[in-house]
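Please read the structure below before turning to the comments.
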Amino acid sequence: MASLSPLPPPNPSSSNPERSRALNKIPPFFTKIPSWISLSSSAASSSSSSPLPFIRKDKNQKGFLENLHLVSLSKQGRFHEARQFLSFMDSSGILIGADFYKILFESCGAQRSLHDGRFFHQHMLKNIGRSDSYGVPGDCLLRMYFDCAGFDDARKLFEEMPNKRLNDWGIMISGYAENGLFHEAIALFYKMKSDGFRLEPTIITCLLRASSTALELELGRQIHSYVVKTGLVPDVSVDTELVNLYVKCGCLESSALLLDHMVESNVVAWTSLMVGYTQAGRQVEALVLFDRMMQHGVELDHFVFSIVLKACSALEDREAGWQVHGCIIKLGMDSDVSAGTPIVDFYVKCGSIGDACNAFDRISQPNEVSWSAIITGYAQVDRFEECFEIFRYLRSRDMLLNSFIYTSLFQVCAALADPNSGSQLHADALKRGLVSKLYGESALVTMYSRSGNLDYARRTFELIAEPDTVAWTAIIAGCAYHGRASEALELFKRMQSHGVKPNSITFIGILNACSHSGLIFEAREYLDSMSKFYRVKPTVDHYNCMVDVYCRAGQLEEAFKLIDSGSFEPDALSWKILLGGCTTHQNVDLGKIAGENYLKMEPEDAAAYVLTFNMYASAGRWAEAASIRKMMNGRGVKKEVSCSWITVKDK
DNA sequence: TTAGGGTTAG
């Protein structure tokens with residue numbers, strides 16, 4: 001039921017006749033270059049951050065397509081091909097447009113390729129000279145050099161700049177500071193002053209932002225005191241940056257104090273502190289701040305709503321969330337994607353898929369974040385078919401997809417144990433570069449192991465560059481799921497040798513592995529070592545795994561002793577496991593105790609009656625079995641009808 | 001200047 005329709009090729013518009021005509025005009029060499037992204041209009045317009053839409057106005061300019069192709073190669077990091085293509089452009093007399101130079105420099109910066117950055121810089125100097133009038137301002141070169149850690153190049157360029165603008169100083173100072181070169185940043189700061197520049201708030205702001213990005217609290221403090229001492233005119237952006245600095249560095253109290261004394265109330269500063277509170281798990285204070293903010297009459301925006309709704313869902317405070325939702329409706333912002341999406345997420349986190357859908361329907365132009373939020377919502381309530389439907393819809397419309405969507409769908413395939421859809425999605429995500437590091441990769445490991453292919457799960461795992469605790473746990477749990485205890489334990493050793501620390505869930509995997517392979521002694525050792533060596537406190541879940549270990553091995557008395565030992569607070573599951581063990585190993589005396597306790601704890605759970613009934617029945621104790629059946633009927637407990645599914649010819 | 005969606009278990 002969950003299989004996907006066959007996937008079309010990645011460039012859906014390759015058969016467009018207009019495009020074919022356009023391609024005929026360009027040299028044959030051009031068409032041989034394997035780059036579907038270059039010439040796909042959908043790719044060009046799919047990202048809001050794409051610079052291509054604004055370039056389109058020059059569409060008729062000579063060499064437009066070539067310029068487009070060149071920057072596309074550079075954006076993909078294919079600089080070798082880009083340089084080859086550039087030499088072809090040079091020989092054909094095609095110039096690089098100013099906007100395209102800018103993108104080339106941006107790409108070099110993004111890919112940290114100093115070598116190529118220098119090359120394109122030299123190319124520009126050779127062809128158009130050092131002229132801002134061409135439309136390539138020096139600041140994008142400065143930025144590129146800082147992004148590529150070409151500090152000397154940046155300094156040289158800056159020193160040679162005939163007309164240094166405020167912005168250029170700002171880039172230099174923050175560039176140094178963000179890269180940890182604080183002495184250089186401060187020296188330049190003083191140089192600027194001695195050169196007769198007034199210390200504009202923008203420069204102070206640059207330095208402060210760099211300090212908060214680098215978490216350089218001390219430097220930030222010094223700038224703060226400089227601001228106070230020199231009696232710089234109070235400035236709302238400086239104040240806001242200071243609030244942000246203290247938040248980022250974890251000094252929430254200082255930040256709150258500053259906020260109280262700001263010259264002018266500013267929504268960004270309030271939001272910043274709210275973020276600080278929520279990240280520190282102080283959700284209640286975030287809500288109190290929101291309340292105060294409203295009393296101060298600060299104009300609310302979607303950033304505030306998003307963070308306050310997050311606090312509400314973390315607190316599981318539906319009432320507060322509803323109020324915020326109401327507030328958003330009153331302001332008429334619920335149709336705005338930036339406010340609407342956090343509402344969807346809030347309802348998803350509360351498990352109210354219906355409310356989430358209603359909120360989603362109100363969004364006038366849902367974006368990929370909205371879609372991924374609603375897909376996650378459906379996945380959480382096991383409405384897997386809807387997840388696929390949405391995905392097919394997005395894909396058929398060639399809408400923007402992202403790694404979040406794929407990660408959720410991998411989880412769906414894991415839940416459905418559907419390797420067909422799973423591997424198609426995997427391939428699709430790979431082609432689009434949308435398997436996110438760790439998140440997506442761990443979900444894939446689980447997807448393959450759950451759908452029966454431990455071999456693929458292992459291969460996927462081995463391809464993870466730096467597996468974290470979650471990724472290791474995923475593969476360990478996968479091995480445990482397939483009863484491959486020795487592999488799981490081996491991986492656990494490897495994990496530690498890589499310096500990755502196990503967490504509570506890792507131990508569930510380890511104990512499960514032991515339980516499926518009858519490793520009683522080892523399980524006990526691991527359970528005991530948890531708090532001793534790993535500082536992970538065992539919970540009832542871990543003890544239940546241990547109960548399961550004993551039960552599967554037929555050591556029912558041991559299982560009972562553990563439950564009865566007082567070392568943990570047994571829950572219904574503890575008794576349920578023991579009851580199952582007693583049924584398998586025909587121990588009615590213990591089974592009776594287990595059943596009674598289980599029934600006492602979960603009187604509404606049909607399974608409690610059915611399992612107790614089965615235990616008596618399998619021992620031929622029909623009178624007791626009948627009394628259980630009678631008790632179940634008397635209490636009106638009904639067994640849930642179960643179902644399963646198979647896929648036949650994609651249906 | 002401030003945020004929003006996802007990873008591991010029984």
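Just so it is clear: chains get the letters A, B, ... in the order the sequence lines come, proteins before strands, and each one is counted from 1. Values below: every heavy atom of this structure, side chains too, minus hydrogens, waters and symmetry copies.
With values rounded to the nearest 0.5 angstrom, A/L519 atom CG is found 9.0 Å from A/Y526 atom OH.
Take A/N167 and apply the side chain to side chain donor-acceptor pair (under 3.5 Å) test, not counting sequence neighbours, and it matches A/D139.
Ion pairing between a basic and an acidic side chain is recognised when a charged N comes within 4.0 Å of a carboxylate O; A/R392 and A/E389 show no such pairing. A/E462 and A/R494 are joined by a salt bridge, as a carboxylate oxygen and a charged side-chain nitrogen come within less than 4.0 angstrom of each other. Salt bridge A/R458/A/E487: present, at least one basic N to carboxylate O contact under 4.0 Å.
Which of B/dA9, B/dT2, B/dG6 sits closest to the side chain of A/T376 comes down to B/dG6. With B/dT1, B/dG6, B/dG10 as the candidates, the nucleotide lying closest to the side chain of A/I508 is B/dG10. Taking every side-chain heavy atom of A/V337 into account, B/dG4 is the closest of B/dG4, B/dG10, B/dT1. Picking from B/dT1, B/dA9, B/dG6 the nucleotide with the shortest atom distance to the side chain of A/T446 gives B/dA9. Of the candidate nucleotides B/dT2, B/dT8, B/dG4, B/dG4 has the atom lying nearest to any side-chain atom of A/I307.
Taken residue by residue, residues 271-290 of chain A places heavy atoms nearer than 4.0 Å to DNA chain B at A/T271, A/V275. Of all the residues in residues 339-349 of chain A, A/T341, A/D345, A/K349 reach under 4.0 Å from DNA chain B with at least one non-hydrogen atom.
Across the protein-nucleic acid pair, A/H542 atom NE2 and B/dT8 atom C1' stand 12 Å apart, rounded to whole Å.
A perpendicular orientation is assigned to the rings of A/W472 and A/F461, their planes being inclined by more than 60° (bins at 30° and 60°).
Between A/K310 and B/dA3 there is no side-chain N or O to OP1 or OP2 distance below 4.0 Å. Listed pair A/R450 / B/dG10 meets the phosphate criterion, a side-chain N or O lying under 4.0 Å from OP1 or OP2. Phosphate proximity of B/dG10 to A/N512: present, with a side-chain N or O under 4.0 Å from OP1 or OP2.
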